[in-house]
Amino acid sequence: MEKIAFFDIDHTIVKTSTGEHFISEARRRKLVSFAFIIQFLVYYFRYRFWMPKWDTYAGSIREIRGIPQPDFEVVVQAAFERLGKASIYPQMRQEIERLRAQGTKVVFATSSIDLLVRPLAEHLGVDEVISSRLEFVDGLATGRLVGPPAFGQEKLNKVIEAANLAGVDLKECSFYSDSIHDRPLLEKVGRPVAANPDHRLERLARKRGWHIMQCS
């Protein structure tokens, strides 16, 4: 039995992405412009099918500067209720419930923004969240992240830190992910799970003999 089960979120636990849910609801409420949607889609496709330039994207997201944090939180919660909750894979919900029932700590490890994933974490009773963090100064969004995004090697670093604080070796942990970008962390845990994997991760998982979990 693993001591900690780490989970990616977008396309792993939910069928699309928390970012998409937020953008849809924010646009409905005229909180963001059409230009921001285009910017988001460009980087989303870079992430899904190639390699995003996080240094450029995370440096400054101009379209969200000055938005009050309470406004973000209202939109995020509405997006989860309207889109996010129905997007949860039933099999992943059951897997998280199974792990928690056996005493395994469940932790989200995602490159998504902390505010965007908080309602999902609360809904599923997740113990801890490792994520990218949106910066607010005096209650207003700056358009920047706090530190580097929790992506690739940086996600691994943050997970190692969390495991060390818990006194747990990563070989006693599992990690569920859909993306080849999470290869650094998948290679470090004792039980890597390719959950709804992209074609590159599926190929690697079959080569390494990792467990593959397909949800519908």
Side-chain angles (χ1 to χ4, degrees), residues 1-14 17-19 47 51-55 57-59 88-89 92-136 142 144-198 200-201 204-205 207-213:
M1 182 183 74
E2 58 264 54
K3 293 185 177 179
I4 305 177
F6 295 95
F7 283 80
D8 181 46
I9 294 177
D10 296 343
H11 305 280
T12 299
I13 293 176
V14 296
S17 80
T18 51
Y47 169 80
M51 180 63 74
K53 296 180 180 179
W54 283 111
D55 55 343
Y57 185 60
I88 300 170
Y89 284 112
M92 299 308 291
R93 183 192 292 274
Q94 292 165 9
E95 184 73 353
I96 289 171
E97 290 173 352
R98 179 188 70 81
L99 289 162
R100 296 185 72 231
Q102 71 181 21
T104 297
K105 182 178 181 179
V106 176
V107 176
F108 282 168
T110 175
S111 56
S112 189
I113 302 296
D114 52 349
L115 283 178
L116 303 189
V117 302
R118 193 175 296 159
L120 177 66
E122 292 173 354
H123 179 72
L124 294 177
V126 169
D127 298 288
E128 187 178 338
V129 175
I130 295 167
S131 65
S132 305
R133 290 176 55 212
L134 190 61
E135 182 184 70
F136 290 88
T142 67
R144 297 186 297 269
L145 297 180
V146 178
F151 176 79
Q153 184 63 41
E154 183 62 24
K155 182 187 287 190
L156 172 59
N157 294 342
K158 290 178 182 295
V159 166
I160 290 174
E161 181 180 359
N164 287 341
L165 285 173
V168 174
D169 191 291
L170 282 186
K171 294 302 179 185
E172 301 174 290
C173 301
S174 58
F175 177 48
Y176 297 67
S177 177
D178 72 292
S179 175
I180 191 64
H181 299 312
D182 281 325
R183 179 174 180 172
L185 179 49
L186 286 162
E187 291 181 329
K188 291 293 185 180
V189 295
R191 182 172 175 260
V193 180
N196 314 306
D198 60 37
R200 290 174 292 177
L201 179 56
L204 177 65
K207 181 179 179 181
R208 296 288 185 86
W210 295 346
H211 181 63
I212 296 175
M213 187 174 179

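You'll find the side chain of Met92 reaches within 4.5 Å of the side chain of Met213, heavy atoms only. Using a 4.5 Å cut-off on side-chain heavy atoms (C-beta onward), Arg208 and Glu187 make contact.
When each of Val107, Thr104, Val168, Val159 is paired with Cys173, the side chain to side chain contact (heavy atoms under 4.5 Å, CB included) condition holds for Val168 and for no other. Exactly one residue among Glu128, Glu2, Glu172 makes a salt bridge (Lys or Arg N to Asp or Glu O under 4.0 Å) with Lys105. That residue is Glu128.
To the nearest 0.5 Å, atom CZ of residue Phe6 and atom CG of residue Leu170 are 6.5 Å apart. Atom-to-atom distance recorded for Glu95:CD and Leu124:CG is 12.5 Å, nearest 0.5 angstrom. Atom CZ of Phe108 sits about 10.0 Å away from atom CG of Asp127, to the nearest 0.5 Å. Interatomic distance, OG1 of Thr142 versus CZ of Phe136, reported as 8.5 Å (0.5 Å rounding).
Ring pair Phe7/Tyr176 is parallel by interplanar angle, where below 30° counts as parallel and above 60° as perpendicular.
Residues Phe175 and Asp8 approach most closely at CE1-N, 3.6 Å, considering heavy atoms. In this structure, Leu116 and Gly19 approach most closely via the heavy-atom pair CD1-CA, 4.0 Å. Closest of all the heavy-atom pairs between Pro149 and Glu154 is O-CG, 3.2 Å. The shortest heavy-atom contact between Thr110 and Ala150 is O-CB, 3.5 Å. Closest heavy-atom contact between Thr18 and Ser112: OG1-OG, 2.8 Å. Of all the heavy atoms in Met1 and Gln102, the pair that sits closest is SD-O, 2.9 Å.
For Glu122, the salt bridge (Lys or Arg N to Asp or Glu O under 4.0 Å) criterion is met by no residue, not counting sequence neighbours. With sequence neighbours excluded, no residue forms a salt bridge (Lys or Arg N to Asp or Glu O under 4.0 Å) with Glu161.
The neighbour count for Arg98 CZ, taken as heavy atoms of other residues, nucleotides or ligands under 6.0 Å away, is above 12.
No side-chain donor-acceptor contact under 3.5 Å links Ser132 to the backbone of Ile113. Side-chain N or O atoms of Asp182 include none that pairs as donor or acceptor with a backbone N or O of Leu185 at under 3.5 Å. Panel note: side chain Arg93, backbone Ile88; no donor-acceptor pair is recorded below 3.5 Å. Within the 3.5 Å criterion, the main-chain N or O of His11 finds a donor-acceptor partner in the side chain of Asn196. For the pair Ser17 (side chain) and Asp10 (backbone), a donor-acceptor distance under 3.5 Å is absent.
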- Query: Would Asp114 and Ser131 count as a side chain to side chain donor-acceptor pair (under 3.5 Å) if you check the C-alpha gap in whole Å, the side-chain angles of each, and the deciding distance to 0.1 Å?
  - Reply: CA-CA 6 Å; Asp114 52 349; Ser131 65; 5.1 Å; no
- side chain to side chain contact (heavy atoms under 4.5 Å, CB included) between Val126 and Val117, worked out: CA-CA 11 Å; Val126 169; Val117 302; over 6 Å; no
- Message: Using the rule given for side chain to side chain contact (heavy atoms under 4.5 Å, CB included), can you reason through Trp210 versus Leu201, listing the C-alpha separation, both sets of side-chain angles and the distance that settles it, and then say yes or no?
- Response: CA-CA 10 Å; Trp210 295 346; Leu201 179 56; 4.1 Å; yes
